Amino acid sequence: MAQPRYREFKQLHLPDIDQEILAVWQAEDTFKQSIEQRDPEHSYVFYEGPPSANGKPGIHHVMARTVKDLFCRYNTLKGYRVERKGGWDTHGLPVELQVEKELGITKEDIGKSISVDEYNSACRSTVLRYKDLWDDITRKMGYWVDLDNPYITFDNNYIESCWHLLRTLYDKRTNAGDSYLYKGFTIQPFSPAAGTGLSSHELNLPGCYQEVTDISVIAMFKVKQNEASSFLFDNDREDVRILAWTTTPWTLPSNVALTVGAKINYIKVRTVSPYTGNPVSLLLAQDRLSAYFDPAGEGQSLDTYTPADKILPYSVDQTIVTGAQLDGLFYHQLMPIVTSPDLERQGFRVITGDFVTTEDGTGVVHTAPYFGADDFRACVANDIPFIGIPDEHGVIQPLVDRQGKFVPEMGAFAGMYVKQEYYPDDVRNQKEFRPTDLLISLALKEEDKAFKIEKYKHNYPHCWRTDKPVLYYPLDSWFIRASAAKERMAELNRTINWKPAHTGTGRFGVWLENLQDWNLSRTRYWGIPLPIWRTKDGDLEKCIGSLAELQTEIDMANKVLKKDQLLPKDLHRPYIDEVVLVSHDGRPMTRELDLIDVWFDSGSMPYAQWHYPFENENKFQQNFPADFIAEGVDQTRGWFYTLHAIATMCFDQVAYKNVVSNGLVLDREGNKMSKSKGNVVDPFITISTYGADATRWYMMANADPWENLKFDEGGLLEVRNKYFGTLFNTYNFFALYANLDGFVMSDKDQVPLTDRPELDRWILSKLYSLVHDVRSHYDEYEPTKALRALENFVDRNLSNWFVRLARRRFWRGEMNEDKLSAYQTLFECLEVVAQLSAPAAPFFSDWLYRNLMAGREQADNNMPKSIHLTDLIQEDANRIDLDLETRMEYAQHICSLALSIRKREKLRVRLPLQKILLPVLDSAFIRQVDGAKDLILSEINVKEIEYITDADGLLIKQAKANFKTLGKRLGKNMKAAAEQIATFSNDQINSLESKGRVSISIDGEQYDITSEDLVITTEDLPGWKTASEEGLTVALDVNLTEELLAEGIARDLVNRIQNQRKEQNFEVTDRIQITIQDQRDIRAAVESFGSHIQQETLADKLTLVVSLSNGVEVELSDELTAQIRVERI
RNA sequence: AGUCUCGUAGCUCAGUUGGUUAGAGCGCUACACUGAUAAUGUAGAGGUCGGCAGUUCAAAUCUGCCCGAGACUACCA
């Protein structure tokens, strides 16, 4: 035997392959080679969305990174240089929160018990805490990304590039002359728990809007009786009040106005106050009456009501007043805790607004300007003063501070958190704990100002990191005027290839159409400082776009202000805050204390990762825009947006040409994975159990990556067994015999394609069809389709047809051309499949490739060491023979039908049969089946094929209507025609076939039917055992002769003897001698087929004896058992 | 509340421009096959294609409404 070239294995164990290949990649520096061997001018640009390394990697990261890795590897194979610069997202709230938790401090402590300096260095040391874990999962999952030279967002160079972009925006003007970077005062979502405002896209992150149950109250606002309001009053003593609903009772002390709809009709209801029974007249929208008053109470006496009664007595005043008539009426302040002379004069007034509806509530909106964007605008428009406490500059501050607590001036409510979620859990869990909303509602009830208090379920936005509700709160902020660029963004977006498309047109496209300005400001400490300096009164400002500029400005300031400031070594707070610049008129300028939104950091990575424009101009040009990016669909309004926005506004270009947004990874039941539910999948365990490739393959092949994936271990098992197991077995089979035969793959000694057997040419044709399919699927960013095509090929074509039918060619006899062809064909299939699988399954593919390479001729062996260094196989239409593929389909079909007849007739496959009969309707069929004749005969163990044609007169034909062609012509007569056609006799069909047409009549209409309009099949051959499917019929000759029976027994004997060899652990090449107990049937078989038996089983001697003592009893068929002894010689 | 995506066998998914009897894999049952076997073949059970209308000769496919899931949007008082 020749020296074994190909490694053989007992069992497939993917995690071992991972280990082996990882070590090889490391030793050979394969990743680096795969990049450097390609031309920098021929690049495929990929951007890595930076993960935050202060959290541990999860299984969903494996999903997202598999998508990234797959297309990068694929394009590497295609010959592109695919650099993948890694990156780390290091700024932002999550880092701050973690530091605060670990140090046991809150935002209030910063600058007091801990300096900003200390705080920030704690952040800096935390941000890469889990970097090792991330590097580890990156390595283990086979994600190739350059982690040695990553971009890091806290780096001074990175920050400088961001400043440059901000300066660009600052200088850019809209047609109206407005800057793209501006400061404004607005009511914004604010997270007291995080101590910062939130941008609109932070509020649009998944899970922000949560259904919560709040306490809602309908308050009764007492109308001041005066000349203007007199039309509402029946008499001087009437108590007229306006009903207004709120789900945020904590804003009621800040109420300054009631907003009504000018065109909405309001009515007055005479009734009683539900909690006290005092008579009262209530104003509310006519449409809302039925929501609060049960008709059963109409006209009932008010005097007999007690608060225990369920039904309120009432009567409706017939006068209808419009909102416009109510406009300008004054009312008594509902909760007179804080007020002012201005307010007493101008506030507590009814105003009108177009946002009022009568869909819920009372048609009257309680208005508190500091806590609602609409409220704010409405108050400004109507000159309603703000309510609050003036600060040292005389600016009115809201009654709720930045921690979410009532200010000290709030009397009994001072110091209370307005949302119960802001209290620490131990406080909330106390028995006597009452949320502030409830306390306020109860106070109103006490004072007979509450009409109704009830729980109300609604969606309310929550902070994406602290998971606590946000407040709408007045804040000064810097904005990017994104709304000015929204048309251009939409336009450029249409040139981007989105996978799936609807994310681009729908979710992203619609979002762009309604784009709001980007709130850039963050009131935090650890992040990129806003590079804007202002004079104290704010009328002069400078935006710094580079360190050189900052240095110049510092020098100037030093000169004018007599200082000796240096350029800070670290651009973060607090150092940058200490820099004082000078205005042209000699006044000191200090930095605006805001940081910028971290999403700006990540959206700047195309430029900042290269420190553009200060360095690497060329590198940047080569790498912008990206050909491809991929992240989770949750990044649509995150990274996908910020990349697009910055590229559009600063460069008037797209930032990426193709984008794949993958779905969520859910647990097996379809629930979101979360630590609290305990259903989180640990990617390290998954990969070490099933192997990285099975994990990756499962995630890509199970469903399109943009669908949500219900992660199920059963699926991993299936992938491992089905795809990798089958491929492994196929390789192992090849290796076993290739080693025995000393087969060496050589490009020189290839059997010409035309000399190869039908089966070989067929699988090669299938292989090249596969190459075409897989390449186009990958090119279209359809990984699932590509992988499924591979699965189908390996399982159905390669393993279960080619190998099964070709098996004997590998083990029989000496090397000859037929055998060589079989080896070369199988080798080529394995090699190509390995390559096409490599983007998705990098470990196994490389392992397989390397095992195969061991058997390549030395002279030919200038092949790359790793499959990831090879060039992707080219499509070759010349190697595809569709006619041959069709032929084989017939063969497979015929075999399947023949086997099903055997099964039905209980004729085991080892029992040879004389012939099958195939009814034939066209001569091409005979030619095609004949091409695969030998395969069919051996597969179903039949001696010959007989074709039955028309001429034999045996065919019974059946016609069916071809709905597709006839339907259009016949319209509603289709059904009747189909019935008529189904009854066509043999003669009618034959006459149609000879004449080419026949006419039928339906409802007096004549229709010409051509042979195209019919599907003709043969169903039955009288007197034969038949099976048919899809128009193909097979009949089996089930007559048995002595000869056939004997051959069947001979085959059974071979099988039983082979089993014995296996059971006794003989080597495949061991010679044996066989002794069988003599019986009539067996003797017949041995007499006719003895040499065949010996040949098959490598037996030098075959003896029949009368009695056999130490043999094994085997069952040959239901009626026949025999004693057999198998011995090694 | 609105927008988008989705709903096909117990599970995971295919299903081309509407066209004859809706498929595959896993799982289940039975029987085979196996000198590559964590495989494979044959057969069977398992479907009102979420529901109801409509368009059409013909609907899993097109339209409308409803139900359910998910994502997104929203100042919702």
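Naming: A, B, ... by sequence-line order, numbering from 1 per chain. Remember, it's a predicted structure, so these values are computed and weren't measured experimentally.
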Chemist: Could you check whether A:Phe810 and A:Phe733 have their ring centres less than 6.0 Å apart?
Modeler: yes
Chemist: Quantified in whole Å, what is the P atom distance between nucleotide B:A43 and nucleotide B:U3?
Modeler: 48 Å
Chemist: Ignoring the backbone of A:His502, work out which of B:A77, B:U37, B:C4 is nearest its side chain.
Modeler: B:C4
Chemist: When the distance from CG of A:Asn729 to C1' of B:U37 is rounded to whole Å, what number comes out?
Modeler: 5 Å
Chemist: Report the nucleotide, chosen from B:A77, B:A14, B:A36, that has the shortest atom-to-atom distance to any side-chain atom of A:Thr248.
Modeler: B:A77
Chemist: Given 3.5 Å as the limit, does a donor-acceptor pair link the side chain of A:Arg1051 with the main chain of A:Leu911, or not?
Modeler: no
Chemist: Figure out the CZ/P separation between A:Phe508 and B:U3, and round it to whole Å.
Modeler: 22 Å
Chemist: Using a cut-off of 4.0 Å on non-hydrogen atoms, how would the nucleic acid contact of A:Glu791 be classed: base, sugar-phosphate, or nothing?
Modeler: nothing
Chemist: Describe the nucleic acid contact of A:Val803 in one word from base, sugar-phosphate, nothing, applying a heavy-atom distance below 4.0 Å.
Modeler: base
Chemist: Using the C1' atom as the point on both nucleotides, what is the distance between B:A59 and B:U16, in whole Å?
Modeler: 16 Å
Chemist: To the nearest Å, give me how far apart CD (A:Glu782) and P (B:A14) are.
Modeler: 11 Å
Chemist: Would you check if the side chain of A:Arg804 reaches a backbone N or O of A:Leu798 as a donor-acceptor pair within less than 3.5 Å?
Modeler: no
Chemist: Using the C1' atom in both, what is the distance from B:G46 to B:A24, to the nearest Å?
Modeler: 15 Å
Chemist: Could you measure between the two P atoms, the one in B:U42 and the one in B:G47, and give it in whole Å?
Modeler: 23 Å
Chemist: Please determine whether any donor N or O and acceptor N or O are separated by less than 3.5 Å between the side chain of A:Arg804 and the base of B:A36.
Modeler: no
Chemist: Below the 4.0 Å mark, does B:U12 have OP1 or OP2 next to a side-chain nitrogen or oxygen of A:Lys710?
Modeler: yes
Chemist: With distance as the sole test, does A:Asn732 use its side chain to make a donor-acceptor pair with the main-chain N or O of A:Phe734 at under 3.5 Å?
Modeler: no
Chemist: Roughly how far apart, to the nearest Å, are B:G51 and B:G7 at atom P?
Modeler: 13 Å
Chemist: Give a yes or no on whether the backbone of A:Gly725 and the side-chain of A:Asn729 come within a donor-acceptor separation of less than 3.5 Å.
Modeler: yes
Chemist: Using 4.0 Å as the upper bound for N to carboxylate O, is an ion pair formed by A:Glu780 and A:Lys499?
Modeler: no
Chemist: Using OP1 and OP2 only, check whether a side-chain N or O of A:Asn708 sits under 4.0 Å from B:G70.
Modeler: no
Chemist: How would you label the contact of A:Tyr737 with the nucleic acid (heavy atoms, under 4.0 Å): base, sugar-phosphate, or nothing?
Modeler: sugar-phosphate
Chemist: State whether A:Tyr472 places a side-chain N or O below 4.0 Å from either non-bridging phosphate oxygen (OP1 or OP2) of B:C75.
Modeler: no
Chemist: Please give the stem ranges for RNA chain B, sorted by first residue number, where a stem is three or more consecutive Watson-Crick or G-U pairs and both donor-acceptor distances are under 3.5 Å.
Modeler: B:1-7 with B:67-73, B:10-13 with B:23-26, B:28-32 with B:40-44, B:50-54 with B:62-66
Chemist: Hey, what are the protein-to-nucleotides 22-26 of chain B N/O distances that come in under 3.5 Å?
Modeler:
residue : atom : partner  : partner atom : Å
B:G25   : O3'  : A:Lys722 : NZ           : 3.2
B:G25   : O2'  : A:Glu718 : OE2          : 2.8
B:C26   : OP1  : A:Lys722 : NZ           : 3.4

Chemist: Considering only B:C13, B:U40, B:A77, which nucleotide approaches the side chain of A:Trp245 most closely?
Modeler: B:A77
Chemist: Would you mind reading off the distance between A:Trp706 atom CH2 and B:C6 atom P, rounded to a whole angstrom?
Modeler: 13 Å
Chemist: Should A:Trp697 and A:Phe844 be marked as a ring pair (Phe, Tyr, Trp, His ring centres under 6.0 Å) after you check the CA-CA gap, both sets of side-chain angles, and the distance that decides it?
Modeler: CA-CA 11 Å; A:Trp697 195 278; A:Phe844 184 84; 9.4 Å; no
Chemist: Would you mind telling me which residue lines up with the more 5' stretch of RNA chain B, A:Thr251 or A:Asn721, judged by nearest nucleotide?
Modeler: A:Asn721
Chemist: What does A:Arg720 touch in the nucleic acid at a heavy-atom separation under 4.0 angstrom: a base, only the sugar-phosphate, or nothing?
Modeler: base
Chemist: A:Glu707 has an atom CD; how far is it from atom P of B:G7, in whole Å?
Modeler: 8 Å
Chemist: Relative to the ring of A:Tyr6, is the ring of A:Phe743 parallel (under 30°), tilted (30 to 60°) or perpendicular (over 60°)?
Modeler: parallel
Chemist: Should A:Thr247 be listed as having a side-chain N or O under 4.0 Å from OP1 or OP2 of B:A77?
Modeler: yes
Chemist: Write down the distance separating the P atoms in B:C26 and B:C66, rounded off to the nearest Å.
Modeler: 41 Å
Chemist: When the C1' atoms of B:C52 and B:G15 are considered, how many whole Å apart are they?
Modeler: 24 Å
Chemist: What is the separation between atom CG on A:Leu664 and atom C1' on B:A69, rounded to the nearest whole Å?
Modeler: 13 Å
Chemist: What's the gap between B:A9 and B:A22 when it is taken at their P atoms, as a whole Å value?
Modeler: 14 Å
Chemist: Mind checking A:Thr503 for me? I need base, sugar-phosphate or nothing, with any heavy atom below 4.0 Å counting as a touch.
Modeler: nothing
Chemist: Using the side-chain heavy atoms of A:Asp704, tell me which of these nucleotides is nearest: B:A14, B:U12, B:A77.
Modeler: B:A14
Chemist: Measure across A:Val217 and A:Pro249 and return the closest heavy-atom pair with its distance rounded to 0.1 Å.
Modeler: CG1-CG, 3.7 Å
Chemist: Measure OH/A:Tyr723 against C1'/B:U37 and give the value in whole Å, please.
Modeler: 17 Å
Chemist: Reckon A:Leu717 touches a base, only the sugar-phosphate, or nothing at all at heavy-atom distances under 4.0 Å?
Modeler: nothing
Chemist: Nearest heavy-atom pair of A:Ile1072 and A:Ile1074: which atoms, and what distance?
Modeler: CD1-CG1, 3.9 Å
Chemist: Rounded to the nearest Å, what distance is computed from the CG atom of residue A:Asn800 to the P atom of nucleotide B:A36?
Modeler: 13 Å
Chemist: Can a donor-acceptor pair be found, under 3.5 Å and without considering hydrogens, that links the side chain of A:Tyr823 to the backbone of A:Tyr737?
Modeler: yes
Chemist: When you measure from the side chain of A:Asn800 to the backbone N and O of A:Asp795, does any donor-acceptor pair fall under 3.5 Å?
Modeler: yes
Chemist: Closer to the 5' end of RNA chain B via nearest nucleotide, is it A:Asp712 or A:Val1054?
Modeler: A:Asp712
